[in-house]
Amino acid sequence: MAAGWLADLSQSGVSFVALSDVAPSDEARVLAEHESAALNPVPGPVDIVVVAVKPQGFREAAADIREWISEETLVISIMAGVPLDVLSDVLGVERVVRAMPNTPGALGVGVTGYVLAPACDDADRALVDRLLEPLGLVEGPLREDQMDALTAISGSGPAYVFLMTEAMSAAGRQLGLDDDMAERLARRTVSGAGVLLERSGMDVKSLRKAVTSPNGTTEAALDVLSRGLPNIVREAAEAAARRSADLSRES
């Protein structure tokens, strides 16, 4: 998110980014070299705070987070499962937002859904949209009861695709390809299918039918996948949504 804002300050409306991290990554250190950024400056109230800690560690980190907050601060949380009322109570501020981005957002091709607290107004909504747009597609404001489903589909979804890519690569090796070729074929096939899905303008079902010739190789493969894949994906998404709901109760 910080990289997207710093890449185009005029578009994002951000004037300065303070990165607060007790164990900063190399990426954070590089970002902090930007003239409009700083790493671990002296805390003080700011306009917008983005809370990006593990949900299990939120309460422990709350005292440090509150040093950046005043009554006028807008708080945007990207923690899975921490509801609006908990954010508001723990941080002592009413204008809070829950957002769930996914990892492709680092390249500007992700999905981020968000939900606003009742205290947020139209100006807050416009600001949140502008801040999240560098990450890719923005969905919101949603109802808070939709966040578990969004987390299961788009928040966790890239990992499902990566696992499928691993499985395709392993299948290629088993069929006789060397390791590097199997990896290249699997990665490019998945990434290319994603680009086609994005740019073709066709719905998913039509795309699948277009590549599936009757009695051909693809149909033979899909006959096998269709026996279990739809149910497995549904069960996986349900498990992710349940875990997101569990985190809400535990927060």
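What you see below is based on every heavy atom in this structure, not just the backbone, and it leaves out hydrogens, waters and symmetry mates.
In this structure a side-chain-to-backbone donor-acceptor pair under 3.5 Å is present from Glu144 to Leu84. Under a 3.5 Å cut-off, the side chain of Arg98 and the backbone N or O of Met79 do not form any donor-acceptor pair. Gln146 places a side-chain N or O within donor-acceptor distance of the main-chain N or O of Arg143, the cut-off being under 3.5 Å. Although no hydrogens or angles enter the test, the distance criterion places no donor-acceptor pair under 3.5 Å between the side chain of Arg95 and the main chain of Ala117. Using a distance-only test at 3.5 Å, with no hydrogens or angles considered, no donor-acceptor pair links the side chain of Glu198 to the main chain of Gly194. Using modelled atom types, one side-chain atom of Ser88 and one backbone atom of Val93 make a donor-acceptor pair closer than 3.5 Å. Looking at Asn102, its side chain never comes within 3.5 Å of a backbone N or O of Gly110 through a donor-acceptor pair. Judged by distance alone, with hydrogens and angles left aside, the side-chain atoms of Ser226 form a donor-acceptor pair with the main-chain N or O of Asp223 at under 3.5 Å. Remark: the backbone N or O of Ala240 is not paired with any side-chain donor or acceptor of Ser244 at under 3.5 angstrom. Judged by distance alone, the side chain of Asn231 and the main-chain N or O of Gly228 form no donor-acceptor pair under 3.5 Å.
Between atom OG1 of residue Thr112 and atom CG of residue Asp129 there is a gap of 10.5 Å, rounded to the nearest 0.5 Å. Once rounded to the nearest 0.5 Å, the distance linking CD1 of Ile76 with CG of Leu87 reads 11.5 Å. Distance check: Ser36 OG to Trp5 CH2 gives 13.5 Å after rounding to the nearest 0.5 Å. A distance of 4.0 Å separates CG of Leu207 from OG of Ser200, quoted to the nearest 0.5 Å. Within the model, atoms CZ of Arg243 and CG of Leu247 stand 4.0 Å from one another, a figure rounded to the nearest 0.5 Å. Taken to the nearest 0.5 Å, the CG atom of Leu9 stands 8.0 Å off from the OG atom of Ser15.
Within 6.0 Å of atom CE in Met181, 12 or fewer heavy atoms from other residues, nucleotides or ligands are found, so the atom counts as exposed in its surroundings. By the neighbour-count criterion of 12 heavy atoms within 6.0 Å, atom CZ of Arg173 is densely surrounded, having more than that number from other residues, nucleotides or ligands.
For the residue pair Ser25 / Arg29, no side-chain donor-acceptor distance below 3.5 Å is found, with atom types taken as modelled. A donor and an acceptor atom, one from each side chain of Asp203 and Ser206, are located under 3.5 Å apart.
Using a 4.0 Å cut-off between charged nitrogen and carboxylate oxygen, Arg125 and Asp122 do not count as a salt-bridge pair. Checked for salt-bridge contact, Glu183 and Arg187 meet the test: a charged N lies under 4.0 Å from a carboxylate O.
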Give the table of side-chain donor-acceptor pairs shorter than 3.5 Å for residues 39-54, with sequence neighbours excluded, one pair per line with atom names and distance.
unit_1	atom_1	unit_2	atom_2	d
Asn40	OD1	Asp21	N	2.7
Asn40	ND2	Asp21	O	2.9

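For the pair Met1/Leu135, a side-chain contact is recorded, criterion being any heavy-atom separation below 4.5 Å from C-beta on. Two residues are said to be in side-chain contact when any heavy atoms from C-beta on lie closer than 4.5 Å; Glu166 and Leu163 meet this criterion.
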Go through Ser248 and Val82 one step at a time and tell me if the side-chain contact (heavy atoms from CB on, under 4.5 Å) criterion holds. CA-CA 5 Å; Ser248 295; Val82 181; over 6 Å; no
